[in-house]
Amino acid sequence: MSTSNSSSSSSGRTVQEYIDETPHWPDGTPVPSAPMTKMQWRIWTLATAGKFFEGLVVFMTGVALPLIVKEFELGPTEKGAVGAAPLFGILIGATVLGWLSDRYGRKLMFIVEMILFVICLACLVFSPTYSWLLVFLFGMGMALGCDYPTAHMVISESIPSTGRGRLVLSAFGFQALGAMVGTAVGYVILYKNPELSAWRMMYATAILPAILVIVGRFYIPDSGHWLVWRGRIADAERETRRLLERQPPYPSEIKLIDPRSNGETRSVEEEKTHYGMLFSKKYRRATILASVPWFLQDLGTYGIGIFTPTILASVIGAEHKYAHNLMDIIANDMLAAKGAAFIDVLLFVGIVFAVLLVDRIGRIRLQIIGFIGCAAGLFLASLSVGAPGERGIIYIFSGFMLFNFMTNLGPNSMTYLLAGEVFPTHIRGKGAGFAASFAKIGAVLTAFLFPILLKDFGKIALLYVLIGASLLGALITWRFGIETKGISLESVHCDESVLLDKSASLDESCQPQ
């Protein structure tokens, strides 16, 4: 078996051309795709960790929250701050730390973020006061925020274009797995140790696995795309060889194109990247698509995710409706955790369907379908308010289950995927980081205000607001959609001016950089 690539030339190829290169049989029959190397699978595995830990700690907070509230005697405002602190950290970390991957490299920030996560997680377990609790939750969130753009780029810049959607989303799916594990771990610890300090043990379970991830991240190559952009061609060739090392060896030689050796020069805009570029006419469409639907999606996903145990407790925890002692609180918490764990299974089912369909149906269609499905699920849940007995339980369980399935089938996964695909290499970290930060504004607002609004306005009013947000997300996705299915990251360059020509084909919206 030999290799072939239509773009080959004596002067060299690009990094993505080498990654996308496929073998063919001696008679010329092509092989559909090249097998992933061990290093590519290692990178993918290590990148799943950040998403897993995010789902773990954010959804575990839903189980831990009643115990934290009791230990520190918190009111509704302080309770909201606990739920919002890690999300506010993600908001800041995605922008403040995420963009550093454009400057210092993907690998360095991939390691630094996990070190910061472990330090803050360990300190969180021993938080002596409410103030320190918020500090460590915020720091932990900053680390997870950095992971949003960095982990996406580490994967997408290392794998073939044809499988990028499936592999990035399958890694993102570990957020759903983390959510299920976080809720389940919280329940088991409460069952084994029904005491006020059980919430500390919940968070402690993630420390050792995170340390192992740090060690593994030291032994991966840096992004060849980023190294080429920085003009470090020899380093890019070495790291690309490490990435594509396989038996039998192919490609046998790696010679990368240096854009500047062909007389190409970078514009002042490209040389001096800054966040203002994201709002220029050239990239505005991509910025809107990457950030606004994600913001609207996070309003629902984090509000429902964090407070599912609380909402369920108010519906199915009737025997301890007025909890006046610790055992009543724990009983309600365990009952709600069991219901939340059952509902969270649909997050995992949704991401499985997204992985199977993303490279067939496309990102934009799935995001629109998912937003509409989320609205339907929330409407179904709203029917539980005032419904008698078992009917109310059926409405809220079926509504939340449909919401969780549709959000991971569509907007929760597609917004993450698109944010790392619609920007060119030199601003990919900034673009994806800004989108994640803007999205987390919605998450923070929901987490902070949800307990207060839940008390003042009730469940039904909040659910109607979230229904409207989901429908608006579908509309904006349709209006500003950029389909990146199967497109090489080296060819993504989308201009808002295409919006002015409704007759333009999708291919005309993305031109080589």
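Just so you know, residue 1 is the first one in the sequence shown, and it goes up from there.
No salt bridge links D147 with R106; every basic N to acidic carboxylate O contact stays at or beyond 4.0 Å. Residues R13 and E21 are paired through a salt bridge, judged by an N-O separation under 4.0 Å between the basic side chain and the carboxylate. Between E421 and K485, none of the side-chain N atoms (NZ, or NE/NH1/NH2) sits under 4.0 Å from a carboxylate O, so this pair counts as no salt bridge. Under a 4.0 Å N-O distance rule, the pair K440/D298 qualifies as a salt bridge.
Geometric assessment of K430 against the ring of Y283 yields a negative cation-pi assignment under the 6.0 Å and 45° thresholds. A cation-pi contact links R217 to F110, judged by a cut-off of 6.0 Å to the six-membered ring centre and 45° from its axis.
Looking only at distances, a side-chain donor or acceptor of R164 sits under 3.5 Å from a matching main-chain atom of I487. Without hydrogens or angle criteria, T477 side chain to I368 main chain gives no donor-acceptor distance under 3.5 Å. Of the possible polar contacts, one joining the E17 side chain to the T14 backbone as a donor-acceptor pair under 3.5 Å is found. Under the 3.5 Å distance criterion, the side-chain polar atoms of T407 are left unmatched by any main-chain donor or acceptor of F403.
No side-chain heavy atom of R428 sits under 4.5 Å from any side-chain heavy atom of P149. Side-chain contact between P221 and K107 is absent, with no heavy-atom pair separated by less than 4.5 Å. Side-chain atoms of V112 and I115, non-hydrogen and from C-beta on, never get closer than 4.5 Å to each other. Annotation: side chain of R363 is in contact with side chain of T484 (closest heavy-atom distance under 4.5 Å). Counting heavy atoms from C-beta outward, P160 and M36 have side chains that approach closer than 4.5 Å. Looking at heavy atoms from C-beta onward, M60 lies out of side-chain contact with V181 at the 4.5 angstrom threshold. You'll find the side chain of T48 stays beyond 4.5 Å of the side chain of L177, heavy atoms only. Taking 4.5 Å as the limit, some side-chain heavy atom of Y395 sits within range of a side-chain heavy atom of L380.
Closest approach of L91 and I441 over heavy atoms only: CD1-CG1, 3.2 Å. Pairing each heavy atom of Q16 with each of S161, the nearest pair is NE2-OG, 3.4 Å. Nearest heavy-atom pair, D20 versus I159, reported as atom, atom and distance to 0.1 Å: OD1-O, 4.3 Å. Heavy atoms only, all atoms of each residue included: T415 and P293 are closest at CG2-C, 4.0 Å. Of all heavy-atom pairs spanning A210 and M114, the tightest one is O-CG, 3.8 Å. Smallest separation of non-hydrogen atoms from F438 and S291: CD2-O, 3.5 Å.
Put simply, CD on E483 and CG on L289 are 9.5 Å apart, with the number rounded to the nearest 0.5 Å. Here I361 contributes atom CD1 and L356 contributes atom CG; the two are 10.0 Å apart, rounded to the nearest 0.5 Å. For the atom pair L116 CG and I111 CD1, the distance stands at 14.0 Å (nearest 0.5 Å). Distance check, rounded to the nearest 0.5 Å: CD1 of I19 to CG of L243 gives 5.5 Å. One finds the SG atom of C374 at 12.0 Å from the CG atom of L299 (value rounded to the nearest 0.5 Å). Distance check, rounded to the nearest 0.5 Å: OG of S437 to CZ of F88 gives 10.0 Å.
Ring geometry, H152 versus Y416: the interplanar angle falls from 30° to 60°, so the pair is classed tilted. The aromatic rings of W44 and W41 sit perpendicular, their planes meeting at an angle over 60°, well past the 30° parallel limit. Ring planes of F405 and F353: perpendicular class, angle over 60° (limits at 30 and 60°).
Taking the six-membered ring for Trp and the full ring otherwise, the centers of F279 and F434 sit less than 6.0 Å from each other. Aromatic ring centroids of Y104 and W226 lie 6.0 Å or more apart.
For N412 and Q175, the side-chain atoms include at least one donor-acceptor pair closer than 3.5 Å. The closest side-chain donor-acceptor pair between Q40 and S158, if any, does not fall under 3.5 angstrom. When only modelled atom types and interatomic distance are considered, T61 and Y203 share a side-chain donor-acceptor pair under 3.5 Å.
The local environment of CZ in F52 is crowded, with over 12 non-hydrogen atoms from other residues, nucleotides or ligands closer than 6.0 Å.
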- Task: Dump the intermediate steps for side chain to side chain contact (heavy atoms under 4.5 Å, CB included) on F348 and F174, then the final yes or no.
- Result: CA-CA 8 Å; F348 184 75; F174 277 73; over 6 Å; no
- Task: Could you walk me through whether S413 and N408 pass the side chain to side chain donor-acceptor pair (under 3.5 Å) test, one step at a time?
- Result: CA-CA 5 Å; S413 53; N408 263 12; 5.6 Å; no
- Task: Run the numbers on L409 and L357 for side chain to side chain contact (heavy atoms under 4.5 Å, CB included), then give the verdict.
- Result: CA-CA 9 Å; L409 172 69; L357 297 175; 4.2 Å; yes
- Message: Show, in sequence, the C-alpha distance, side-chain angles and deciding distance for I482 and I364, and conclude whether the side chain to side chain contact (heavy atoms under 4.5 Å, CB included) test is met.
- Response: CA-CA 7 Å; I482 300 169; I364 300 303; 5.6 Å; no
- Task: Give the C-alpha distance, both sets of side-chain angles, the deciding distance and a yes or no for side chain to side chain contact (heavy atoms under 4.5 Å, CB included) between L466 and S470.
- Result: CA-CA 6 Å; L466 297 180; S470 294; 5.6 Å; no
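Taking R365 as the reference, nothing meets the side-chain hydrogen bond (donor to acceptor under 3.5 Å, both in side chains) condition, with sequence neighbours excluded.
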Donor-acceptor contacts under 3.5 Å from residues 136-146 side chains, at least two apart:
none

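Evaluation of the ring pair (Phe, Tyr, Trp, His ring centres under 6.0 Å) test over residues 356-376, restricted to residues two or more places apart or in two chains, returns none.
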